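Sharing a structure here in structure tokens format.
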Amino acid sequence: MTYTLTTPLYYVNDKPHLGSAYTTLACDAQARFQRLKGEPVLFITGCDEHGLKIQRTAEASGVSPQAHCDQVSETYEKLWQRWTISNDRFIRTTDPRHRQIVEQFYRRVEASGDVVEGRQQGWYCVACEEFKDDALGAEDPECSIHRRPLEWRDELNLFFRLSRYQAQIEALVSQPGFIAPASRRREVENFVAQGLRDFSISRLHLPWGIPVPGHADHTFYVWFDALLGYITALLEPGDPADLDLAITRGWPAHVHVIGKDILRFHAVYWPAMLLSAGLEPPQQVFGHGFLTREGQKMGKSLGNVLDPAELLEHYGRDAVRWYLLRDITFGDDGDFQQQRFLDLVNNDLANTIGNLLNRTTSMARRWFDNAVPPVSAGFMADHPLAAAAATARELVLAGMERLDFRQAAEAALQLAIAANGYLNEQAPWSRIKQGDGRLQVADDLYVVLEASRHVALLLAPLLPDLCERMLKQLGQPPLSSGAAGTWLEQLRWGVLEEGLPLPQPEPVMARLEPGE
RNA sequence: CGCGGGGUAGAGCAGUCUGGUAGCUCGUCGGGCUCAUAACCCGAAGGUCAGGAGUUCAAAUCUCCUCCCCGCCA
């Protein structure tokens, strides 16, 4: 079955921020991991482009909404390309097929009797695209999040009868594993337990949206049409816009990865909409944490926003990916600390991993004719580094499966540390000087090279670039070429070929210089 | 108000479910090595586990109370 995973469809109100990049990077690692295991994967990302907020932003900068969306979503797409994100789809909710999918979906919900007319009255925050109940008594109320004036609305809208799904959503939400990490489940359960209320799914006289069939002047509320982008995205490029066809392409999604702020939409509203339309809810909704910078919230007003495009430019893909995925527990909030970022990248990638490869290939070349040394029979199987590699492999596989990138990264790193330690214990540089030490040195270098090869492979989902550079140093064909067999096949101890020529060593990871 | 998450060495965290010498990474300090990217390896210092009370032979871990941070309540 296809492993479908999604990032949020990012709202094109502004250029991409680090949070979006973080989510996307994490999904990319997961998508790569599943592909490496041989699973068919559908990795979906894209942009959400409707709504009043977009319309106003476009107006403010004097362009049409469509032109604005084209421009911003291109920024996203280009950025993901520069990060070599491996998404299979980039869906935009202004895609013509999306409109048809939304209409078909809506017809189903309507046919289930889940659409009713109602009067929507209250204070509205355009930035949130939400009504604010807590503002009811106040005069001149502000949005507590955006600190901008709320607008009074009183209009006839179409409502989705969410209340009918109370029992089903309660059951779904309490299902172990549906909401991840588990620590966020309670929050949603409590919300549901308060009683689900119908919510409006249309807006009146809002031109920048998808028209509601059969209701002139109504367009769909952004949150109704946006999530359906996940379904539209299932379609292959040449497919007709057909809902039944779409869901055969990889539904239900295995996981929606989102920021914790939009957990409710994904874990409550969205599954109910799907049930109403006779579709399965996603298997998991993973709400990850937010990033702060040096202990402070990032925000325009503080002027401390980290731009993912700049980070990429200054430090490169591997460094940023490593820091975000290795040092921050996926799910928890995390703090981006410049000093630690530099320390970790230099220590882990340049020193521990890069230098391990460098010193080992260099010795092998010098003493064994520029090639992988021969290993004596019987030396390999019960070797401590074989055990270390097996442990690392298990921890990486198990960790990645749970989106525990930190565990996976640390496991790969531990193998490199073990290999470095083994080298220092054996000190082949001393032993080679003793006449009878040559066979032992050959064995030792072989197992360390083999351990290094495992490190490279284990890093593949997290740091695809570094992995390929390491494999090249080890005389291996590119992993992406598939020439040496599948990833799992290569992750067996002893696959490294004796006598394989080793190229001139070159640092696979440069140290980052402080002070930028 | 209610609910959820959290408060453990200079920093970031694990350990809490299933009580029993407080552990990891980074930083700091000392030693070793010289194959290697001033890289690698080993060791040390550094903690009243937010505070208080209780249960227990024994509490970071269980119970109760207090304080502080973050989040949810359409």
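Everything numeric here is computed off the predicted structure, so don't read it as measured data.
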Inset, instruction - Scan A:L196 against the nucleic acid and name what it touches under 4.0 Å (heavy atoms): base, sugar-phosphate only, or nothing. - result: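 Base: the residue A:L196, judged by heavy atoms under 4.0 Å, touches a nucleobase.
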
Legend entry - Distance in angstrom units between A:L512 CG and B:rA39 P, rounded: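 After rounding, the gap between these two atoms is 13 Å.
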
Inset, instruction - State the CG-CD1 distance between A:N355 and A:I353, to the nearest 0.5 angstrom. - result: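 Answer rounded to 0.5 Å: 11.5 Å.
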
Legend entry - Integer angstrom distance from the P of B:rG51 to that of B:rG7: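 Per the computed distance, 13 Å lies between those P atoms.
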
Inset, instruction - Determine the interatomic distance between C1' on B:rU18 and the same-named atom on B:rC35; round to the nearest Å. - result: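 Straight-line distance between the two C1' atoms is 47 Å.
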
Inset, instruction - State which of B:rG71, B:rU34, B:rA39 makes the closest approach to the side chain of A:E187. - result: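 Of the options given, the side chain of A:E187 lies nearest B:rG71.
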
Inset, instruction - Write down the distance between CG (A:L344) and P (B:rU25), rounded to a whole number of angstrom. - result: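 Atom-to-atom, A:L344 to B:rU25, this comes out as 12 Å.
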
Inset, instruction - Measure the CD-OG distance between A:E117 and A:S200 for me, rounded to the nearest 0.5 Å. - result: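 A:E117 atom CD to A:S200 atom OG measures 12.0 Å (nearest 0.5 Å).
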
Which protein N or O atoms sit under 3.5 Å from an N or O of nucleotides 9-16 of chain B?
unit_1: B:rA11; atom_1: O2'; unit_2: A:Q337; atom_2: OE1; d: 3.2
unit_1: B:rA11; atom_1: O2'; unit_2: A:Q337; atom_2: NE2; d: 3.2

Inset, instruction - Classify the nucleic acid contact of A:G195 as base, sugar-phosphate or nothing, counting any heavy atom under 4.0 Å across all strands shown. - result: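 If one applies the 4.0 Å heavy-atom cut-off, A:G195 turns out to touch a base.
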
Inset, instruction - May I have the distance from A:E189 (atom CD) to B:rC3 (atom C1'), rounded to whole angstrom? - result: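 Answer to the nearest Å: 12 Å.
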
Inset, instruction - Please work out if A:N347 contacts a base, only the sugar-phosphate, or nothing of the nucleic acid, heavy-atom cut-off 4.0 Å. - result: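 Sugar-phosphate contact only.
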
Legend entry - Centroid-centroid distance, A:H50 to A:F220, less than 6.0 Å: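 No, ring centres 6.0 Å or more apart.
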
Inset, instruction - Kindly determine whether A:D444 and A:R431 satisfy salt bridge (Lys or Arg N to Asp or Glu O under 4.0 Å), including the steps that lead there. - result: CA-CA 11 Å; A:D444 288 339; A:R431 192 165 267 155; 3.4 Å; yes

Inset, instruction - Tell me the partner of B:rC33, counting only Watson-Crick (N1-N3 plus N6-O4 or O6-N4) or G-U wobble (N1-O2 and O6-N3) with both under 3.5 Å; none if nothing fits. - result: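 Pair assignment: B:rC33 / none.
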
Inset, instruction - Return the value, rounded to whole Å, for the distance between atom CG of A:N346 and atom C1' of B:rG27. - result: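 The answer, rounded to whole Å, is 14 Å.
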
Inset, instruction - With the side chain of A:M363 defined as its heavy atoms from C-beta on, choose the nearest nucleotide among B:rG27, B:rU34, B:rC35. - result: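 Nearest listed nucleotide: B:rC35.
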
Legend entry - Options B:rU37, B:rC73, B:rC3, nucleotide nearest the side-chain atoms of A:F191: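 That would be B:rC73.
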
Inset, instruction - Determine the contact category for A:R186: base if any of its heavy atoms lies under 4.0 Å from a base atom, sugar-phosphate if only primed atoms, P, OP1 or OP2 are that close, otherwise nothing. - result: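 Counting heavy atoms under 4.0 Å across all strands, the contact made by A:R186 is with sugar-phosphate only.
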
Inset, instruction - Could you give the distance separating B:rA53 and B:rA11 at their C1' atoms, to the nearest angstrom? - result: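 Nearest-Å result for B:rA11 against B:rA53 at atom C1': 32 Å.
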
Legend entry - CD1 on A:I258 to OG1 on A:T7, rounded to 0.5 Å: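 Reported to 0.5 Å precision, the distance equals 11.0 Å.
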
Legend entry - Pairing nucleotide - B:rA45, Watson-Crick or G-U, each distance under 3.5 Å: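 None - no nucleotide pairs with B:rA45, as no candidate has both distances under 3.5 Å.
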
Inset, instruction - Flag the pair A:H288 / A:Y22 as yes when their ring centroid distance falls below 6.0 Å, and as no otherwise. - result: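 Yes, close enough.
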
Inset, instruction - Could you state the atom-to-atom distance from OH of A:Y323 to P of B:rC26 in whole Å? - result: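 Nearest whole value for this atom pair: 14 Å.
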
Legend entry - Stepwise side chain to side chain contact (heavy atoms under 4.5 Å, CB included) check, A:E450 with A:W493: CA-CA 7 Å; A:E450 178 60 341; A:W493 187 252; 3.5 Å; yes

Legend entry - Validation row, ring centre A:F160 to ring centre A:F224 under 6.0 Å: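 No; A:F224 has its ring centre 6.0 Å or more from that of A:F160.
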
Legend entry - Nucleotide nearest A:V508 (side chain, heavy atoms from C-beta), chosen from B:rC35, B:rU34, B:rU37: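 Of the options given, the side chain of A:V508 lies nearest B:rU37.
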
Legend entry - Opposite nucleotide pairing with B:rC67, Watson-Crick or G-U, both atom distances under 3.5 Å: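 Per the H-bond distance test, B:rG7.
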
Inset, instruction - Report which part of the nucleic acid A:R365 touches: base, sugar-phosphate, or nothing (heavy-atom distance under 4.0 Å, all strands). - result: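 Contact class for A:R365: none.
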
Legend entry - B:rA50 to B:rC17 separation - C1' atoms, rounded to the nearest Å: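 22 Å, rounded to whole Å.
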
Inset, instruction - Would you indicate, yes or no, if B:rA39 has its OP1 or OP2 atom less than 4.0 angstrom from a side-chain nitrogen or oxygen of A:R511? - result: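 Affirmative; the distance criterion is met.
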
Legend entry - Among A:R108, A:R161, A:R164, the one residue meeting salt bridge (charged side-chain N to carboxylate O under 4.0 Å, His left out) with A:D114: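 It is A:R164; the other options fail the test.
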
Inset, instruction - Kindly indicate whether the side chain of A:N358 and the base of B:rA36 share any N or O donor-acceptor pair separated by less than 3.5 Å? - result: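 In this structure, the two groups form no donor-acceptor pair.
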
Inset, instruction - Classify the side-chain pair A:T24/A:Y10 by whether it contains a donor and acceptor separated by less than 3.5 Å. - result: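 Side chains of A:T24 and A:Y10: pair found under 3.5 Å.
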
Inset, instruction - Return the nearest nucleotide to the side chain of A:N190; candidates are B:rU34, B:rA74, B:rG4. - result: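 Nearest to the side-chain atoms of A:N190, counting from C-beta on, is B:rG4.
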
Inset, instruction - Please determine, for the side chain of A:N420, which listed nucleotide (B:rU34, B:rC40, B:rC73) has the closest atom? - result: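 Selected nucleotide (nearest to the side chain): B:rC40.
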
Legend entry - Minimum-distance nucleotide (side-chain atoms of A:K297 versus B:rG71, B:rU37, B:rU25):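 Of B:rG71, B:rU37, B:rU25, B:rG71 is nearest to the side chain of A:K297.
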
Inset, instruction - Output the single nucleotide from B:rA36, B:rA74, B:rC26 whose closest atom is nearest the side chain of A:R366. - result: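 Between B:rA36, B:rA74, B:rC26, the one nearest the side chain of A:R366 would be B:rA36.
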
Inset, instruction - Pick the C1' atom in B:rG15 and in B:rC3, then give their distance to the nearest Å. - result: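 26 Å, rounded to whole Å.
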
Legend entry - Rounded C1' spacing from B:rG71 to B:rC64 in Å: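 B:rG71 and B:rC64 have their C1' atoms separated by 25 Å.
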
Inset, instruction - Between B:rG30 and B:rA39, how far apart are the P atoms? Round to whole Å, please. - result: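 After rounding to an integer number of Å, I get 16 Å for this pair.
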
Inset, instruction - Could you check which nucleotide pairs with B:rC73 in any of the strands shown, counting Watson-Crick or G-U wobble with both distances under 3.5 Å? - result: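 For B:rC73, the partner nucleotide comes out as none, under the 3.5 Å rule.
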
Inset, instruction - Show the numbers, then the answer: is there a side chain to side chain contact (heavy atoms under 4.5 Å, CB included) between A:L462 and A:M400? - result: CA-CA 9 Å; A:L462 300 171; A:M400 287 302 300; 4.0 Å; yes

Legend entry - Watson-Crick/G-U partner (both atom distances under 3.5 Å) of B:rU16: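 Pair assignment: B:rU16 / none.
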
Legend entry - Most 5' of A:G421 and A:S362 on RNA chain B, judged by nearest nucleotide: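 That would be A:S362.
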
Inset, instruction - Identify whether any heavy atom of A:P507 sits under 4.0 Å from a base atom; if not, whether one sits that close to sugar-phosphate; answer base, sugar-phosphate or nothing. - result: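 Answer is base: heavy atoms of A:P507 come under 4.0 Å of a base.
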
Inset, instruction - Determine the Euclidean distance between corresponding C1' atoms of B:rC49 and B:rA22; express it in Å to zero decimal places. - result: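 Approximately 8 Å lies between the C1' atom of B:rA22 and that of B:rC49.
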
Legend entry - Pair of N/O donor and acceptor under 3.5 Å linking B:rA74 base with A:R197 side chain: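 Such a pair exists between side chain and base.
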
Legend entry - Along RNA chain B (nearest heavy atom to each residue), the more 5'-positioned of A:L413 and A:F131: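 The residue closer to the strand's 5' end, by nearest nucleotide, is A:L413.
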
Inset, instruction - Mind calculating the distance between CD (A:Q407) and C1' (B:rU25) to the nearest angstrom? - result: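 So the two atoms are 15 Å apart, to the nearest Å.
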
